[in-house]
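Lettering follows sequence order; numbering is per chain, from 1.
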2 protein chains.
Amino acid sequence: MEYMYAHVSIDCVVFGFDGRELNILLIEKEGTTDLKLPGSLIYQMEDTDSAAQRVLFELTGIRRMSLKQFRCFSSPDRTADVRDVAWLESTYGHPVGRLITIAYLSLCKINRTLSAAAHSSGARWCPVSGVPVMPFDHNRIVEESLGEIRQWIETEPAMLFELLPSKFTLSELRGLYQAIYRKRFDIRNFCKKVARMAYVVRLDEKQTDVAHRAAHYYKFDRIAYNRTRRAVE
Amino acid sequence: MEYMYAHVSIDCVVFGFDGRELNILLIEKEGTTDLKLPGSLIYQMEDTDSAAQRVLFELTGIRRMSLKQFRCFSSPDRTADVRDVAWLESTYGHPVGRLITIAYLSLCKINRTLSAAAHSSGARWCPVSGVPVMPFDHNRIVEESLGEIRQWIETEPAMLFELLPSKFTLSELRGLYQAIYRKRFDIRNFCKKVARMAYVVRLDEKQTDVAHRAAHYYKFDRIAYNRTRRAVE
DNA sequence: TCAAAAGTGTTCGATATACACCCATGC
DNA sequence: GCATGGGTGTATATCGAACACTTTTGA
């Protein structure tokens, strides 16, 4: 039997938070208006981790982003759709044959400025509750990523704050927890929980111009965070 | 630049527990007495999950084993050692070039009978505290697997019992926790913890022929386990 | 003055941790 | 009778869950 000889791609599931629900950054499939995960074949001498950085930068302008590999998708069926294969071959200019992909997870502030490259690749945020049908196994990759994001945040809670502006209110933070865990958190219990997190500190500053009582802003204190992390280990 | 076109292998980190510490199943590098992780190139039309099942079966006779993919290792440096490359080419009978591997984690009763295939591949258990220097990045794969095993067991505690005989004592179970978390658990607190696990049930049977008070045997009750799991979700 | 969101305290049950002694058995 | 490991209970701290009202602000 013949040994696998495969092209390798990267696909990135980049999450953003719009204050209400999680969104995913999708790009247009080159030459169409269909959406897909940002991803690309990688080069012969690349490591997948650095390839993921590169691919995300080229498609969206996002650099120095925390990226976490979460799974290899290798089913022969992932290129079962002949339209996907035709698109691959026209995009890369040669037959692609067997293709496996390494999926990465990333978190990003949703108002982060995307580059000109991002505009030309038709990048846009799409709520997780409404992701369209996508080529290959991209829908499956997105589904699996939703479980991974919780695990990532449990082992490294600092990651949460990659999704929030540098100053945020308690209700934004609570909304984020609710979006990730898909359940309500009681306000009073949530405030106590946050009070126990030494690395979430209240600022003197408050909201202005809101049609109700102004909320305090909070910030993430990385130094305090590293202290507590070292204490845990 | 040239797109990656790579051979793909599977490497399995199979853990066993000898009552004292975690062990890893290693095989002899074909044609040598050096040890390495059980693994192999995979075939063109295989999915990595089924390839992992196949490879493990061919090398050790272990079938129907829980296997969990945990990471792709793709650094170009992983084939930096020319001896590793020479071995690959002589084993597979053709040049291999770029090679990435998908690492799997598995848990196994250490006294499980290995097949004739296992003997011919020189399979043996090796304590994690004393794994030899291995080819490629196998030492790194083992290091990373040690963190993964805890995560796996936290999300799916039933996995623990794949490492124990079907009847086991509390001190065996405690020894296993201690090996995995690399810390002592107080006996009294540990007994209480186990008492809370509805899926670990005490049998009437006791040890015999021991030079001290005989311990009760316990067993894992999968039905009770599934009940508690469903309650959690 | 009303609508809308901010923010605060108590009680309960579950769990983790710390800690010391008597029990059963084979030798 | 002694060495060896088996097995039990109490006190404290932390944490998650349930639950309702007052405060601030702009419109």
ask   = Is there a donor-acceptor contact under 3.5 Å linking the side chains of A:R174 and A:Q178?
value = yes
note = Protein-proximity profile, nucleotides 19-27 of chain C, B/S/- by nucleotide at the 4.0 Å heavy-atom cutoff, equals BB--BBBS-
Would you mind writing out the side-chain donor-acceptor pairs for residues 125-134 of chain A within the sub-3.5 Å range, not counting sequence neighbours?
from	atom 1	to	atom 2	distance (Å)
A:W125	NE1	A:I110	O	3.2
A:S129	OG	A:E21	OE1	3.0

ask   = Do the side-chain N or O atoms of A:K183 get closer than 4.0 angstrom to the phosphate oxygens (OP1, OP2) of D:dG16?
value = no
key: Pairwise salt bridge (charged side-chain N to carboxylate O under 4.0 Å, His left out) hits with a residue in residues 102-117 of chain A, at least two apart   = none
ask   = Does B:R124 pair with B:E28 as a salt bridge, N-O distance under 4.0 Å?
value = yes
ask   = Rounding to a whole Å, what distance do you find between A:K193:NZ and C:dT8:C1'?
value = 18 Å
query = Strictly by modelled atom types, are A:D47 and B:S75 linked by a side-chain donor-acceptor pair under 3.5 Å?
reply = no
ask   = Under the salt bridge (Lys or Arg N to Asp or Glu O under 4.0 Å) test, which residues partner A:E205, sequence neighbours left out?
value = A:K167
Whole angstrom value for the distance that separates C1' of D:dT8 from CZ of B:R202 = 10 Å
Using atom types as modelled, flag every donor-acceptor pair under 3.5 Å from a side chain in residues 190-197 of chain A to any protein atom, sequence neighbours excluded.
from	atom 1	to	atom 2	distance (Å)
A:K192	NZ	A:N189	OD1	3.4

message = I want to know whether B:F161 and B:F168 have ring centres closer than 6.0 Å.
response = yes
remark   = side chain to side chain donor-acceptor pair (under 3.5 Å) filter on A:E154, not counting sequence neighbours, yields A:Y181
message = Run the side chain to side chain donor-acceptor pair (under 3.5 Å) test against B:T48 and tell me which residues pass, sequence neighbours left out.
response = A:S74, B:Y104
query = Which parts of residues 173-181 of chain A get close to DNA chain D, meaning a heavy atom less than 4.0 angstrom away?
reply = none
Close approaches to DNA chain D from residues 163-170 of chain A, in residue order (heavy atom, under 4.0 Å) = none
query = Would one find a side-chain N or O of A:R196 under 4.0 angstrom from OP1 or OP2 of D:dC15?
reply = yes
ask   = What is the nucleic acid contact for A:R184, judged by heavy atoms within less than 4.0 Å: base, sugar-phosphate only, or nothing?
value = nothing
query = When you check the phosphate oxygens OP1 and OP2 of D:dG7, does a side-chain N or O of B:H216 lie under 4.0 Å from one of them?
reply = yes
key: Distance, rounded to the nearest Å, where B:E172 contributes CD and D:dG5 contributes C1'   = 13 Å
note = Taken to the nearest 0.5 Å, the spacing of B:T60 OG1 from B:L114 CG works out to 6.0 Å
query = So, are B:D18 and B:R20 salt-bridged, with charged N and O less than 4.0 Å apart?
reply = no
query = What pairs with B:Y225 under side chain to side chain donor-acceptor pair (under 3.5 Å), at least two apart in sequence or on another chain?
reply = B:E156
ask   = Which residues pass the side chain to side chain donor-acceptor pair (under 3.5 Å) test with A:R71, sequence neighbours left out?
value = A:E144, B:Q69
message = Nearest whole Å is fine: how far is D:dG7 P from B:F185 CZ?
response = 18 Å
ask   = Counting a pair only when it is Watson-Crick or G-U and both distances are under 3.5 Å, which runs of at least 3 such pairs involve DNA chain D?
value = C:1-27 with D:1-27
message = On the nucleotide D:dG5, are OP1 or OP2 found under 4.0 Å from the side-chain N or O atoms that B:S171 carries?
response = no
